[in-house]
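The model shown is predicted, which means the values in this text are computed figures rather than measured ones. Ligands are counted one by one from 1 in listed order, and the atoms in each one are counted from 1 as well. We number each residue from 1, following the sequence as shown.
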Amino acid sequence: PEAITVSELANRMTERVADVVKSLMQNGIMATSTQTIDADTAELVIEEFGHKVQRVSDADVEDVIQQVEDAPEDLEPRAPVVTIMGHVDHGKTSLLDAIRNARVAGGEAGGITQHIGAYQVEQDGKALTFLDTPGHAAFTAMRARGAQVTDIVVLVVAADDAVMPQTVEAINHARAAEVPMIVAINKVDRPGANPDKVRTDLLQHEVIVEKMSGDVQDVEVSATEGTGIDALLEAIALQAEILELKANPNRAAVGAVVEAQLDVGRGPVATVLVQNGTLKQGDIFVVGEQWGKVRAMENDQGKRVKSAGPSVPVEVLGLNGTPAAGDVLNVVDTEAQAREIAEFRAAQAKDKRAAAGAAMTLEQMMSKA
Ligand code: GTP
Ligand code: MG
């Protein structure tokens, strides 16, 4: 169960280790700084030093970041979050570029650089959010962490290569996540392009596209020529309409980290996709094992914003550490809560790693014997 080393306990109380050891001794417990004491003993010591005992448990964490069920009348339509997946070199990045370029105001085509790994475009006055980063590994990691970020998967299949191993993986990911798929048959400009081969290949994986009388939308595109992009965006908008995606913009924000890194000048920076509520400058949050206070936010075009609502990706500054892709962000009331939850999670993760390490050593010992 719960336990803590003497030095860690001293650390958390900001007391000297020697004083803690002495206090333990007075209670008849002989322990050195590296030794572990149980939670009850720790509580005794903490009280003796005149501190308040605050045991954080999974239940407490759940309490603080509780996902209050939104009342139906509080829900408003939100943009779909679209992830592009497919086999290596089938044109995922090119397609994302083509979509963005198709939606950039005429004169500026190609002039607007994308600042973060996600962006929004407009289709018939409605926003669509595209995620750039999730390769298959990131997608899996996100789902493992419980962050379901994608509403629609666009499966890119090159018409000159047809269905390949990672195409099948992507199909399986979309199925496991239970999100609808749209097939973008790419590179139709290529001399050897055979879109129908893609369609028949997909049949073998139980993906039946509309042209084969199924219900999965299929669109022929050329990312490099820019053809079929409008049709693809229409297909996405249509699929989104069917999903009737909604969120409550008037609540504490919940989001997911799309990517994060330590920036030399700015410190830890995370691209966060807001999934529910509205993230505002000054908000205090916990994200995975880290916490922070929103110091500044930038949108996908590098512009400062003061708030970000559902389905909006933003770059967030003000973290105390670098979170992992897929970590869930929850806005909480106080810094104390944020810090406590983050520390609790970090300690838990440390315990898990230690346990895994111990098991490994035992295994290694056994294999050597
Ligand atoms: P990875 O990220 O490495 O998995 O690749 P990707 O799926 O992002 O493919 P990418 O967009 O990098 O495209 C791979 C190659 O195919 C590049 O050389 C592109 O220029 C080319 N390509 C992509 N789309 C098209 C297309 O529609 N037509 C033609 N002719 N070439 C394309
Ligand atoms: Mg790519």
Among all protein heavy atoms, pick out the one at the shortest distance from [atom]; state its residue, atom name and that distance to 0.1 Å.
atom	value
atom 5 (O) of ligand 1	Asp89 N, 3.1 Å
atom 22 (N) of ligand 1	Lys187 CE, 3.6 Å
atom 4 (O) of ligand 1	Lys92 NZ, 2.8 Å
atom 9 (O) of ligand 1	Gly91 N, 3.1 Å
atom 11 (O) of ligand 1	Ser94 OG, 2.5 Å
atom 2 (O) of ligand 1	Thr93 OG1, 4.0 Å

[X] side chain to [Y] backbone, donor-acceptor under 3.5 Å:
X	Y	answer
Thr14	Asn11	no
Lys293	Gly282	no
Asp201	Val163	yes
Tyr119	Asn299	no

Say whether [X] and [Y] are linked into one hydrophobic cluster, either directly or through other cluster members, by side-chain heavy-atom distances under 4.5 angstrom.
X	Y	value
Ile208	Leu238	no
Val188	Val209	yes
Leu317	Leu279	no

Counting from 1, what ligand 1 atoms have a heavy atom of Asp189 closer than 4.0 Å?
26 (C), 27 (O), 28 (N), 29 (C), 30 (N)

From Arg78 CZ over to Lys246 NZ, what is the distance, rounded to the nearest 0.5 angstrom?
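Result: 11.5 Å between the selected atoms.
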
Would you check whether Val88 has a nitrogen or oxygen atom less than 3.5 angstrom from a nitrogen or oxygen atom of ligand 1?
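There is no such contact.
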
Pair Thr129-Gln120, side-chain donor/acceptor within less than 3.5 Å
yes

Atom 20 (O) of ligand 1: of Thr224, Leu95, Leu96, the nearest heavy atom sits on Thr224

Under 4.0 Å from atom 25 (C) of ligand 1, do we find at least one protein heavy atom?
yes

Any protein heavy atom nearer than 4.0 Å to atom 7 (O) of ligand 1
yes

Residue Thr93, metal the Mg ion (ligand 2), N/O/S under 2.8 Å:
yes

Measure His90 to ligand 1 on non-hydrogen atoms and call it side chain, backbone, both or neither using the 4.0 Å cut-off.
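His90 to ligand 1: backbone contact only, side chain stays beyond 4.0 Å.
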
